[in-house]
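Chain letters run A, B, ... following the sequence lines, proteins first and then strands; every chain starts at 1. Keep in mind that this is a model prediction, so the values were computed, not measured.
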2 protein chains.
Amino acid sequence: MNTTQLLDRLSGKTDKLSKSDLKVAAVVLRDPQAAIHQSIAKLATEAGVSEPTVNRLCRKLGCNGYPDFKLKLAQEISRGSHLFSENMEASDDTRTVINKILSSIEQSVNSIGQATSPASIEEATDLLMSSKSIYFFGMGASGPVALDAQHKFARFGIPVVAHTDFINQRMMCSMLTEEDSAVFISYTGRTKAIVDNAELATKSGARTIGLTRSGTPLAKHCRVVVNAVTAEDTDLFTPMTSRIIHLALVDILATKMALQLGDEVEKNIKAIKTNLQSTRS
Amino acid sequence: MNTTQLLDRLSGKTDKLSKSDLKVAAVVLRDPQAAIHQSIAKLATEAGVSEPTVNRLCRKLGCNGYPDFKLKLAQEISRGSHLFSENMEASDDTRTVINKILSSIEQSVNSIGQATSPASIEEATDLLMSSKSIYFFGMGASGPVALDAQHKFARFGIPVVAHTDFINQRMMCSMLTEEDSAVFISYTGRTKAIVDNAELATKSGARTIGLTRSGTPLAKHCRVVVNAVTAEDTDLFTPMTSRIIHLALVDILATKMALQLGDEVEKNIKAIKTNLQSTRS
DNA sequence: TGAATTACGTAAGTTTATTACAAAAAGGAC
DNA sequence: GTCCTTTTTGTAATAAACTTACGTAATTCA
């Protein structure tokens with residue numbers, strides 16, 4: 001799902017726009033806010049072209065007609081991402097860098113909202129809740145995510161461990177039982193080491209859950225897959241959004257679980273909070 | 001700028017909505033995303049009312065007809081500030097839980113956009129870039145953040161280490177020099193252990209940077225403070241958004257640094273990428 | 001119970017967007 | 001340059017969507 005396009009593409013850099021298309025684009029770009037409140041007729045007149053020309057441009061840009069174009073444009077403007085999800089440039093000032101990063105995060109967060117199926121979350125939490133113990137496995141950028149998950153799930157009173165070390169992971173995977181859950185975290189879903197470990201865990205009978213893009217090798221070796229997709233795939237910035245997405249998914253799982261466990265958890269949390277007070281200055 | 005109206009008002013709390021209005025509202029609220037792609041006819045049918053009823057509701061809500069309503073709704077949805085920052089309830093279904101979490105993330109991300117001063121980012125990156133080595137310190141929920149930062153900054157060719165262990169942190173802090181940067185990560189800014197370590201590091205002459213709420217004890221002991229604030233402060237969910245914010249700030253720092261370092265970094269990244277290929281299946 | 005008010009739907013009317021087709025312009029080949 | 005092909009653009013007809021006007025049903029309050 002491409003999240004940022006219209007205003008960029010209207011500039012004509014990525015698409016081959018005809019003379020008339022550019023006339024329309026110029027009008028829209030001059031005041032996008034105004035454009036979304038205009039009818040196709042007004043816009044066409046203002047740009048000095050015919051209505052079908054405007055309509056054709058909309059379709060060329062991937063929209064389903066003019067109203068759809070207005071809708072998408074409105075969204076793009078409101079989320080402030082007209083700022084871009086083009087890439088960073090060395091000339092960007094700090095404020096711009098901040099905005100670009102934050103808006104790319106927002107976009108990814110938004111997109112998993114749509115990509116995540118409630119069913120998969122439910123399946124995953126069902127497995128986790130009834131487990132004797134839970135293991136999180138992640139390597140590289142996903143290592144910290146696994147550790148974060150460990151920290152988060154620790155409050156539930158079920159034994160939780162995260163492993164980021166290949167050998168340790170392997171050891172654990174071969175020892176898992178039908179009552180253990182193993183969560184494998186990987187953005188690419190293609191890291192051999194983690195795929196092999198997931199396969200091993202599944203063979204051991206464990207309840208394997210993949211936090212990864214569905215359709216990848218890792219996904220194939222997991223009982224349940226929680227789909228983690230991002231739009232962007234830039235050299236420099238790929239790992240950024242992927243972690244945030246993984247964390248968000250972990251949050252969702254943990255929250256769902258907390259809600260289902262109910263009172264028990266709250267008691268744990270209160271106890272933890274009380275004991276943490278003394279560590280504060 | 002009032003950012004959230006339509007969806008709130010549709011709930012009927014602020015406005016007096018008629019029976020039919022509520023039927024329409026229910027349909028829209030159930031899936032706003034779908035609503036904006038529907039014609040007034042479909043929506044009316046689905047809600048079991050007539051088209052003018054829908055139209056009248058739109059006007060009642062301050063819109064200039066149905067298309068205008070769709071437009072405004074689309075903007076509201078895309079900026080993510082819809083859906084509640086109310087708390088979770090045990091009765092929430094999975095879709096609702098997902099939405100609540102994601103929107104609370106979006107809100108926090110949005111708010112640091114405003115709270116973060118470009119100046120502080122620049123000061124911090126200036127310190128980091130000219131450092132002989134960089135240390136990240138975090139405990140508890142901030143531990144994984146520190147590790148993540150380590151992973152991220154490793155690409156810059158400067159020695160980077162993260163420590164999550166109190167004793168190890170203390171050791172390092174007492175050994176730091178004027179040419180080393182030490183980044184302390186803490187949401188509360190009041191965890192004694194980390195505050196003490198920051199104090200120690202500053203005494204050692206190190207370039208101390210705090211990723212924490214400004215005004216806290218930790219902030220006082222750091223040369224540069226990158227302000228990390230969140231709005232919410234719920235028992236159950238505090239740690240969630242704070243980590244995301246910390247990560248976002250780390251991303252910003254890393255990106256800013258990458259941009260300033262330029263070619264060098266790209267070379268490193270290419271090399272890393274190439275070498276990672278062989279680990280993929 | 002009855003009058004007044006509000007809510008609602010039907011149907012007609014108007015605006016808006018789309019499609020089909022034809023004319024014009026641009027680009028190539030000879 | 002001329003002819004042919006391809007692309008671009010506009011005109012006109014059509015269809016879809018939205019709005020308005022009006023009349024009926026429901027509700028409220030006396």
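- Residue A/Ser20 places none of its side-chain N or O atoms closer than 4.0 Å to OP1 or OP2 of D/dT8.
- Taking for each of A/Arg59 and B/Ser50 the nucleotide of DNA chain C with the nearest heavy atom, the 5'-most of the two is the partner of B/Ser50.
- A side-chain N or O of B/Thr96 and one of B/Asp93 form a donor-acceptor pair less than 3.5 Å apart.
- Place B/Arg56 and B/Pro67 on DNA chain D by their nearest nucleotides, and B/Pro67 ends up nearer the 5' end.
- Atom CG of A/Asn64 and atom P of C/dT16 are 20 Å apart (whole Å).
- Summarising the local packing, NZ of A/Lys23 is surrounded by more than 12 heavy atoms from other residues, nucleotides or ligands at distances under 6.0 Å.
- Side-chain contact between A/Thr212 and A/Phe184 is absent, with no heavy-atom pair separated by less than 4.5 Å.
- In this structure, B/Lys70 reaches the sugar-phosphate backbone alone: every heavy-atom distance under 4.0 Å involves primed, P, OP1 or OP2 atoms, never a base.
- As a whole-Å value, the separation of B/Leu22 CG from C/dA7 P is 12 Å.
- With rounding to whole Å, A/Ile40 atom CD1 is found 14 Å from D/dT9 atom C1'.
- Taking the side chain as every heavy atom from C-beta outward, A/Gln75 and B/Ile36 approach each other to under 4.5 Å.
- In this structure, A/Lys60 atom NZ and D/dT7 atom C1' are separated by 10 Å, rounded to whole Å.
- One interatomic measurement links the two molecules: CG of A/Asp68 to C1' of D/dA17, which rounds to 15 Å at whole-angstrom precision.
- The CD atom of A/Gln38 sits 17 Å away from the P atom of C/dT15 (whole-angstrom rounding).
- Heavy-atom nearest nucleotides on DNA chain D were determined for A/Lys19 and for B/Asn55, and the one closer to the 5' end corresponds to A/Lys19.
- Take A/Asp126 and apply the salt bridge (Lys or Arg N to Asp or Glu O under 4.0 Å) test, not counting sequence neighbours, and it matches no residue.
- Between the CG atom of A/Leu43 and the P atom of C/dA17 there is a distance of 10 Å, given to the nearest Å.
- Atom CD in A/Glu51 sits about 17 Å away from atom P in C/dA20, given to the nearest Å.
- For A/Pro52, taking side-chain heavy atoms from C-beta onward, the closest of the listed nucleotides C/dT18, C/dA11, C/dT19 is C/dT19.
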